[in-house]
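Each remark here refers to the structure printed beneath this line.
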Amino acid sequence: MSEIRVRMAPSPSGFLHVGTARTTIYNYLFARHHQGKFILRIEDTDVSRSSQEMIDAILDSMRWLGLDWDEGPYYQSQRTLLYQKYAQKLLETKKAYFCFCTKQELDEKKKQAVASKGDWKYDRTCLALSNEEKEEKIRKGAPKAIRLLVPEGETVFSDIVYGELKKENKELEDLVILRSDGTPTYNFACVVDDVEMKISHVIRGNDHIANTFKQVLIYEALGLTPPHFAHIPLILAKDRTKMSKRHGAVSIGEYREEGFLREALVNYITLLGWSPKDDREILSIDQMIELFSLEGVNPANPIFDKEKLEWMNGEYIRSYDNEKLLDLLFPFLIKENLITEEMVRQKRDWLLRFVSLLKERCKTLKEFAEKGKYFFAFDYQYEPTAVSKHFNSAEAAKTLDIFVDRLSKLDSFEKQKIEETLRNLATDMGTKPAPLIHMVRLATTGTTAGPGLFDILEFLGKEEVVKRIKKAVEFIHKI
RNA sequence: GUCCCCAUCGUCUAGCCCGGUCUAGGACACCGCCCUUUCACGGCGGCGACACCGGUUCAAAUCCGGUUGGGGACGCCA
C-alpha cells in the first residue's frame with residue numbers, strides 16, 4: 001500500500017469537543033500504527049464563524065492530549081484560488097454549472113415545497129438557462145454560485161466500519177460547491193484538499209456519511225479515485241442524544257480543568273467504540289498504537305460514562321509517582337489558594353507527603369484540593385452529624401484536653417509516638433481507641449473521612465494539632 | 001416527512017464476519033463480606049444482557065427478512 005496519510009480537519013467554531021477529540025485520536029493512532037502521516041487542516045472557509053482564539057484553543061487541547069501532527073496546520077481560508085481552479089475544471093467539463101438563484105428565491109421555493117409536498121431539492125432552474133440568459137445575468141453582475149451537476153444513478157462507497165453504503169442519486173440535489181462570494185463550501189474544499197494532500201484514509205464522525213455521498217460524486221466528476229473512508233460512531237450523552245453543553249462538560253479543556261489526566265482521557269475515549277479484543281482496559285499510548293485497527297471499531301453509538309472515566313483517572317493517579325503527581329497538582333492547589341508559588345519551591349518534601357496521603361482517595365486532581373483543604377487551612381466547620389456523634393459530651397472535651405496535654409509533652413512528633421500516646425490514653429480511660437480517634441479526627445480535620453489519623457497529625461505537626469484540638473475543646477464547651 | 005445507520009448486562013464492551021467450545025466473558029456503577037481508627041485502596045462474592053417476531057439449519061447471540069426502539073443527515077454551516 002502507498003503511504004498512509006490521514007488528516008484531522010476541525011472547524012474553529014468551538015472548543016475541542018470530546019467527539020472531535022476521539023476522531024482525532026483515531027486518526028492519530030491509525031497514522032502512528034501504520035507509520036503514516038497525520039495532517040492538521042483548519043476548515044475555516046466560513047470566515048464569519050472562525051476565530052484565531054478558537055483555533056489556538058483547539059491546538060492547545062490537541063497538544064495537551066499529546067496528539068502531535070506531522071504537517072500543517074493548513075488553513076482552507078488561504079487556499080481559495082485552488083478551489084476555484086478545481087471548480088473551473090468542473091465548469092469546463094460540464095460537471096458543474098452557474099446558479100444565479102438568490103437566497104431569498106431559494107428560501108421561498110423551499111417554503112412552498114415544504115408546505116405542499118414536504119420534499120425539496122434544487123429544481124435546476126439555472127441549468128435550464130439559455131446561454132443568452134446566462135450571459136445577460138453575468139453582464140449585469142448577478143451573484144453566481146457554482147453547483148455540481150449530480151448525474152443519474154446511484155453512489156456507492158465502501159466504509160471500513162460500516163461496510164458498503166449506497167444511495168440513490170435522485171435523493172441528492174445539485175449542491176453548491178462554490179459560493180457566490182467565491183469561497184468553497186465544505187464538501188468541495190474537503191475533497192480538493194484531500195486530493196491535494198494525498199489523503200489515503202478519511203476517518204471522521206458518522207454524521208458525515210451523508211456528506212460522503214456528495215463527496216464521492218465530486219471525486220467522480222473530477223475523474224479521481226476517492227480515498228478510503230472510515231466513519232466512526234458518534235458519542236452520545238446519557239440521554240442518548242448528541243453530547244452538548246446542556247449535558248455538562250463537552251470540551252477537552254473542561255475535563256482538563258476538572259483535573260483529568262491526559263493519559264486517562266485518551267485511554268477512556270479510545271475505548272469508547274474500540275476495544276483491544278481482550279480484557280485489558282488500561283492501555284498506554286504505545287500499546288494503543290500497536291493494537292489499534294479501524295476494523296475493530298464498533299459501529300454502534302457509545303454513551304459517554306463519566307463515572308468510568310473517573311475510575312480510570314483514579315487508576316492513573318494511583319499509578320503515577322508522587323513527584324510527577326505533585327507537578328501536575330500545583331496549578332490546582334494554587335488556584336484554590338491553598339499554596340503559593342513560594343511554597344512550591346520551599347516545601348516540596350512536605351507537599352510530596354500530602355500527595356501520598358491523598359492519592360489513594362482522589363479520582364481527579366481537583367479532588368486533592370477539595371479533600372485536602374484542611375491540611376492547608378484551619379477554617380473548616382465541623383460536620384454537624386459528626387458533632388452530635390463525637391462531640392456529644394463534656395467527657396469528650398475532657399478527653400481531648402488530656403490528649404492535647406500529653407501530646408504537647410512529646411519531644412518527638414512521629415506518628416508512632418502519637419499513636420502510642422493515644423492508645424495509652426484509651427487504656428487509661430478504659431475505652432477502646434476508636435472513639436477517641438474519631439473525636440480527634442473531627443477536631444483536627446472537621447470531617448470523618450480521610451487518611452489515617454496518625455499520618456494526618458504527624459503531617460500537620462505538633463503546634464498545629466495542639467491549636468486545633470484546643471479550639472475543638474472550646475467549641476464543645478459552647479454547645 | 002425523506003434518506004442513511006445502529007441494536008449483547010443500567011453503561012463501555014468480548015463473542016458475531018468463519019453458526020455448535022456461550023448454563024454469554026471482562027470492566028464501570030450498584031449491593032454484600034473481608035481488611036481496617038474513618039474514608040479510600042485492595043481482596044472475595046452477588047445482581048445484571050443476546051430488543052421483538054418470523055425464516056434458514058440437526059443446531060443461531062452469531063446467517064436472512066420484518067417489527068420496534070435509538071441515532072444521524074437533509075444549508076451559498078462544517
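Every chain is numbered from 1, with letters handed out A, B, ... down the list of sequences.
- Taking a cutoff of 4.0 Å between a charged side-chain nitrogen and a carboxylate oxygen, Asp193(A) and Arg7(A) do not qualify as a salt bridge.
- Candidate nucleotides C76(B), U13(B), C6(B) were compared by shortest atom distance to the side chain of Tyr162(A), and C6(B) ranks first.
- Distance noted for atom P between G71(B) and U8(B): 15 Å (whole Å).
- Using a 4.0 Å cut-off between charged side-chain N and carboxylate O, Glu419(A) and Lys415(A) make no salt bridge.
- As judged by a 4.0 angstrom heavy-atom cut-off over every strand, Pro451(A) is placed among the base-contacting residues.
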Within the sub-3.5 Å range, which N or O atoms of nucleotides 43-48 of chain B have a protein N or O partner, and how far apart are they?
none

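- In this model, a side-chain donor or acceptor of Asn211(A) finds a partner on the base of A78(B) within 3.5 Å.
- When the nucleotides C76(B), U37(B), C41(B) are ranked by their closest atom to the side chain of Arg423(A), U37(B) comes out on top.
- Dashed line: the shortest gap from a side-chain N or O of Arg318(A) to OP1 or OP2 of G42(B) is under 4.0 Å.
- Shown for residues 150-160 of chain A: no residue has heavy atoms falling under 4.0 angstrom of RNA chain B.
- Here Cys101(A) lies in heavy-atom contact (under 4.0 Å) with a base.
- Counting atom types as modelled, Arg361(A) pairs a side-chain N or O with a base atom of C39(B) as donor and acceptor under 3.5 Å.
- Backbone-only contact: Gly273(A) has heavy atoms under 4.0 Å from sugar-phosphate atoms and none from a base.
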Working for side chain to side chain donor-acceptor pair (under 3.5 Å), residues Thr364(A) and Asn313(A): CA-CA 6 Å; Thr364(A) 63; Asn313(A) 205 55; 5.5 Å; no
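- Across C6(B), C28(B), A78(B), the shortest atom-to-atom separation from the side chain of Asp46(A) is found for A78(B).
- Proximity of Lys389(A) to the phosphate of U38(B): no side-chain N or O atom is located under 4.0 Å from OP1 or OP2.
- Across Arg204(A) and Tyr186(A), no two heavy atoms sit closer than the pair NH2-OH, 3.4 Å.
- Backbone-only engagement by Glu315(A) is indicated by non-hydrogen atom pairs under 4.0 Å involving sugar-phosphate atoms exclusively.
- For Asn187(A) and C74(B), the CG to C1' distance is 12 Å, given to the nearest whole Å.
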Distances for protein N or O near nucleotides 62-71 of chain B N or O, under 3.5 Å:
unit_1	atom_1	unit_2	atom_2	d
G71(B)	O2'	Asn301(A)	ND2	2.8

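- Within the structure, ring-ring contact (aromatic ring centres under 6.0 Å, His included) contacts touching residues 291-314 of chain A (residues at least two apart or in different chains) are Tyr26(A)-Phe292(A), Tyr255(A)-Phe304(A), Tyr268(A)-Phe304(A), Trp274(A)-Phe292(A).
- The listed nucleotides are U37(B), A78(B), C5(B); the one nearest the side chain of Thr45(A) is A78(B).
- Checked for salt-bridge contact, Arg79(A) and Glu196(A) miss the test: no charged N lies under 4.0 Å from a carboxylate O.
- Residue contacts for Lys103(A): at a heavy-atom cut-off of 4.0 Å it reaches no nucleic acid atom on any strand shown.
- For C76(B), its base sits under 3.5 Å from the side chain of Ser180(A) at one donor and acceptor pair at least.
- For Thr185(A), taking side-chain heavy atoms from C-beta onward, the closest of the listed nucleotides U37(B), C76(B), C12(B) is C76(B).
- A donor-acceptor contact under 3.5 angstrom links the side-chain atoms of Lys308(A) to the base of A27(B).
- Residues satisfying the salt bridge (charged side-chain N to carboxylate O under 4.0 Å, His left out) criterion with Lys166(A), sequence neighbours excluded, are absent altogether.
- Contact annotation for Thr448(A): base contact, defined as any heavy-atom pair under 4.0 Å involving a base atom.
- By the side chain to side chain donor-acceptor pair (under 3.5 Å) test, Lys359(A) pairs with Asn322(A), sequence neighbours left out.
- Closest heavy-atom contact between Leu358(A) and Gly372(A): CD1-CA, 3.5 Å.
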